[in-house]
Amino acid sequence: MSDQHHASGGYDPAEVERKWQARWDEQGTNRWTDAGLRAAERPYYNLMMFPYPSAEGLHVGNIYAFTGADIHGRFKRLQGYDVFQPIGFDAFGIHSENFALKLGIHPMELIPRNVERFRTQLRRVGLMYDWDHTVDTTTPDYYRWTQWIFLQLYQHGLAVKKEAPVNWCPSCNTVLANEQVIAGECERCGSVVEMRFLSQWFFRITEYAGKLLENLGWMDWSDSTRKAQENWIGRSEGAELHFPIARRRAAEDRHQPAAIEPEKPVIRVFTTRPDTVFGATYLVLAPEHPLVERITAPERREAVEAYRRQVAGQDLVTRKKTDKGKTGVDTGGRAVNPATGEEIPVWIADYVLMEYGTGAIMAVPGHDQRDFEFATQFGLPVVRVVAGPGEDADTPLAEAYTDNQAGRLVSSGRFDGLGHRAGCDAIVAWLAERGLAERRVNYRLHDWTISRQRYWGPPIPVLYCDACGIVPVPEDQLPVELPHIDDFRPDASGISPLARHEEWYRVDCPACGGRARRETDVSDTFLDSAWYFLRYPSVGYAQVPFDPELTRRWLPVTSYIGGNEHAVLHLLYARFVTMALRDMGHLHFEEPFVRFRAHGLIVREGAKMSKSRGNVVVPDDFIAAWGADAFRTFLMFLGPYEEGGDFRDEGVSGPYHFLTRLWDAVLTSTERPLDPAVEQKLHATIKKVTEDLEALSYNTAIAAMMEYLNAVRAGGRTPERGAVEPLVRLVAPFAPHLAEELWERLGHARSLFDEAEWPGYDPAKAVADTVEFVVQVNGKVRARLPLRRGIGEAEARDAALGDENVRRWLDGGKQVRKVVFVPDRLVNLVVG
RNA sequence: GCGAAAGUGGCGGAAUGGUAGACGCGCUGGUCUUAGGAACCAGUGGCUCCGGCCGUGGGGGUUCGAAUCCCCCCUUUCGCACCA
């Protein structure tokens with residue numbers, strides 16, 4: 001890759017791009033003043049997911065994402081919208097901190113350096129950002145409001161502190177997110193991860209589970225993202241059933257029905273199959289279930305304790321593996337099946353999770369495969385209570401019968417014969433009469449743990465007072481600044497590095513003036529990114545997180561583009577925070593991103609890019625060699641934007657070649673009337689490109705422009721000025737520098753993006769007068785005839801029958817039985 | 001296991017019921033050039049007895065007509081995963 005590409009026609013991308021980037025900077029192109037934002041008439045908030053400024057610099061995946069979004073923004077701007085397109089830096093978090101640790105540089109030094117590098121690189125790509133409205137989540141004037149959001153949630157009962165299990169890496173001395181634990185091991189050092197119980201702050205996102213799910217129904221989102229979120233929230237409809245704990249009695253009495261005593265404690269289970277309750281032959285509790293102590297029989301205590309210890313020593317990921325076989329122990333305790341009145345054993349097993357449902361299940365081995373495996377392994381009874389077609393209550397079960405469509409209840413007393421739906425309704429109603437059941441909807445979504453025992457994040461703004469307990473930091477004392485400490489490395493204690501600095505955490509209680517200490521954990525990075533889009537328009541306002549008037553004008557976000565890797569994290573958290581703030585009266589809308597599009601992933605030579613494979617694209621090299629415009633166009637040409645593409649290095653020459661040919665065509669064009677065929681093609685191309693840009697079909701838009709340019713230059717003809725000038729505007733979103741330069745050379749004084757309009761087209765002119773008709777005989781193409789547009793069926797048929805080749809296929813006295821006519825396209829002669 | 005997407009030339013991909021392979025890469029031949037590159041022109045799915053025939057993962061179906069719709073199967077990728 002050298003300067004040799006630039007031999008032809010004088011197109012020198014490096015020079016053009018330097019010139020226009022400097023000019024955009026000088027003239028403040030794309031930047032809004034506060035007054036401008038307030039007065040905007042057609043606001044279009046074009047948002048893209050802000051990057052985490054890694055030390056490696058801008059990744060080609062970032063550029064792919066940003067370029068696609070930038071093209072959308074530039075397109076909308078040319079269409080006359082007031083496009084607000086900001087960018088920022090998601091610079092807090094474990095990723096950044098780990099990198100700082102690795103390099104031995106303090107994050108307060110390293111991060112600003114990375115941010116600077118990112119700014120430079122982003123400019124170099126020609127992205128249309130409003131550099132006067134950027135956010136950096138690590139600055140006190142930003143995280144002051146992150147802390148404010150925490151306090152709002154706390155005051156509304158949506159932030160609570162409770163003990164919870166977390167993944168702990170004994171070698172890195174830190175809590176790990178579930179995503180950072182690979183097959184039970186730390187993703188960074190390979191140590192086996194332990195489970196620890198720590199007191200954590202949680203956001204009660206589950207309060208909004210129903211709303212979060214429901215709104216997905218009407219939002220204009222990529223289907224893949226919507227589905228991922230639906231799965232994650234995981235709604236299950238069913239019932240909570242109560243199994244009274246049985247009084248301890250002699251074994252020989254147990255076959256007698258037990259009296260259910262209402263005041264006795266019950267074991268609550270959640271089930272989606274209450275219809276199968278007659279087949280519940282035992283219960284299983286999560287090992288951590290609070291009732292385990294109480295029900296365990298004295299002679300089983302030792303075994304139960306041993307099992308609980310074993311499970312506690314396991315990391316969460318290993319525990320949730322499905323292929324390791326079932327383990328569990330009998331507690332010796334017994335409960336009463338509320339339907340049959342029989343006493344059944346109570347077990348504990350690690351396949352029952354405390355955090356889902358009630359932490360206890362009724363096991364129906366006949367009709368649940370997991371229960372079936374467990375029952376088989378431990379010799380527990382299997383009872384059939386659902387029979388499929390051709391089966392009855394005595395048909396043996398080789399595996400669980402789980403069909404809830406065809407099955408009918410058997411051995412279920414007066415409910416025999418009912419189907420799944422009716423069975424559930426009837427049985428729940430029957431048990432509910434005695435207070436032993438209630439309908440219930442359960443969600444898989446868990447509350448969001450936001451505590452991080454790390455340094456690099458916003459301190460959680462609460463105090464613990466010896467006298468008053470938990471005391472929120474008063475709003476007027478925000479931000480709680482993150483102090484500069486040198487020993488920011490986390491250690492084995494399970495508490496934050498800030499907890500080693502008494503001079504920082506020792507404070508007086510703002511309520512009573514007594515001794516208090518600050519919370520020393522910081523909050524999750526995902527809280528920083530859960531509200532950044534609210535801040536952008538109000539950057540610079542020190543007294544409010546988001547100005548009400550600006551927010552009303554610019555939010556919710558008009559268009560959001562980002563990666564599907566955040567389908568269930570960032571996008572869910574941002575929705576939750578928005579809903580909560582709305583319910584508190586701070587916002588006028590409930591959904592922040594009404595339209596969201598997920599872009600695809602770039603692979604290289606068919607393989608995922610990774611440092612270990614050594615196949616990572618270094619964008620700077622490509623930009624230096626071919627220019628940002630060619631690189632942008634190339635990336636968008638790889639494949640459908642929403643599906644990603646395969647990066648092959650040689651491929652960049654195609655789009656580069658296109659831009660060079662466009663450059664030559666514009667500069668050699670002459671002022672003269674348009675050839676009618678060219679004019680028709682021009683209108684068709686404008687139509688195609690406009691529609692494709694609207695749909696983010698960038699690859700086909702580029703193909704259409706290439707095709708048009710080929711037609712304009714066909715056979716080495718000199719292009720008409722009027723044929724290429726609109727093409728400069730069409731290509732501008734993709735290759736903005738080149739377009740600006742050509743626009744200027746065409747005699748315009750101001751920036752194309754300030755002055756030009758998106759080209760319009762005349763639908764009547766977008767179609768040719770003559771169309772190529774396909775003539776088929778029995779569905780096979782036998783001729784192609786140029787015919788007048790709009791021709792009628794009779795005329796088209798006659799023309800087809802007049803064709804020599806077609807006649808050959810009709811030889812032998814075959815009768816035309818039917819004529820299929822598709823206007824302006826095809827005639828199919830069906831012969832018998 | 002559940003959910004989603006996808007399978008088309010040597011390669012990336014286009015076509016969502018009507019001309020399969022647009023556009024580009026690569027390749028072949030030519031022009032120009034001391035040469036290489038660049039640029040430009042022409043060609044490029046397979047087979048062919050030059051009439052055509054075959055061809056969109058495999059098999060079946062609907063239709064005048066199927067890459068596209070329906071059924072069965074195979075493969076790949078991604079997400080979730082003992083969620084009761």
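Bear in mind that the values here come from a model prediction, so they are computed numbers and not experimental data. Lettering follows sequence order; numbering is per chain, from 1. Computed from heavy atoms alone, side chains included, the values below leave out hydrogens, waters and symmetry copies.
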* **Per A:Thr272 side chain, nearest of listed nucleotides B:A81, B:C11, B:A84** => B:A84
* Asked: On RNA chain B, nearest-nucleotide positions of A:Val830 versus A:Asp368: which is more 5'?
  -> A:Val830
Between [X] and [Y], how do the two ring planes meet: parallel, tilted or perpendicular, split at 30° and 60°?
X	Y	answer
A:Tyr573	A:Trp448	parallel
A:Tyr351	A:Phe374	tilted
A:His599	A:Tyr64	perpendicular

Using Watson-Crick or G-U wobble geometry with both distances under 3.5 Å, which nucleotide pairs with [N]?
N	answer
B:G1	B:C80
B:G51	none
B:A35	none
B:A14	none
B:A42	B:U28
B:A66	none
B:A20	none
B:U56	none

* Less than 4.0 Å between a side-chain N and a carboxylate O, is that true for A:Asp803 and A:Arg807? -> no
* Please determine if A:Asp275 and A:Arg421 form a salt bridge, counting it only when a charged side-chain N lies under 4.0 Å from a carboxylate O. => no
N or O in side chain of [X] less than 4.0 angstrom from [N] OP1/OP2:
X	N	result
A:Arg444	B:A84	no
A:Arg782	B:C64	no
A:Lys780	B:G55	no
A:Asn805	B:G52	yes
A:Lys227	B:G3	no

* Asked: For the ring pair A:Phe647 and A:Phe622, is the centre-to-centre distance below 6.0 Å?
  -> yes
To the nearest Å, how far apart are [X] [atom1] and [N] [atom2]?
X	N	atom1	atom2	answer
A:Asp403	B:G1	CG	P	17 Å
A:Leu285	B:C82	CG	P	19 Å
A:Glu565	B:C80	CD	C1'	16 Å

* Asked: Below 3.5 Å, does any donor atom in the side chain of A:Asn828 face an acceptor in the base of B:C64, or the other way round?
  -> yes
* Asked: Counting only heavy atoms not in A:Arg789, do more than 12 fall under 6.0 Å of its CZ?
  -> yes
* To do: I would like to know whether A:Phe378 and A:Trp347 meet ring-ring contact (aromatic ring centres under 6.0 Å, His included); could you show each step before the answer?
  => CA-CA 11 Å; A:Phe378 293 104; A:Trp347 286 58; 4.9 Å; yes
Between the protein and nucleotides 19-24 of chain B, which nitrogen or oxygen pairs are less than 3.5 angstrom apart?
unit_1: B:U19; atom_1: O2; unit_2: A:Arg784; atom_2: NH1; d: 2.3
unit_1: B:U19; atom_1: N3; unit_2: A:Glu772; atom_2: OE1; d: 3.1
unit_1: B:A22; atom_1: O2'; unit_2: A:Glu707; atom_2: OE1; d: 3.1
unit_1: B:G24; atom_1: OP1; unit_2: A:Asn710; atom_2: ND2; d: 3.1

* Quick one: side chain to side chain donor-acceptor pair (under 3.5 Å) pairs with a partner in residues 709-719 of chain A, sequence neighbours left out? -> A:Arg661-A:Asn710, A:Arg717-A:Glu720
Which atoms of nucleotides 28-32 of chain B (N or O only) lie under 3.5 Å from a protein N or O atom, and what are those distances?
none

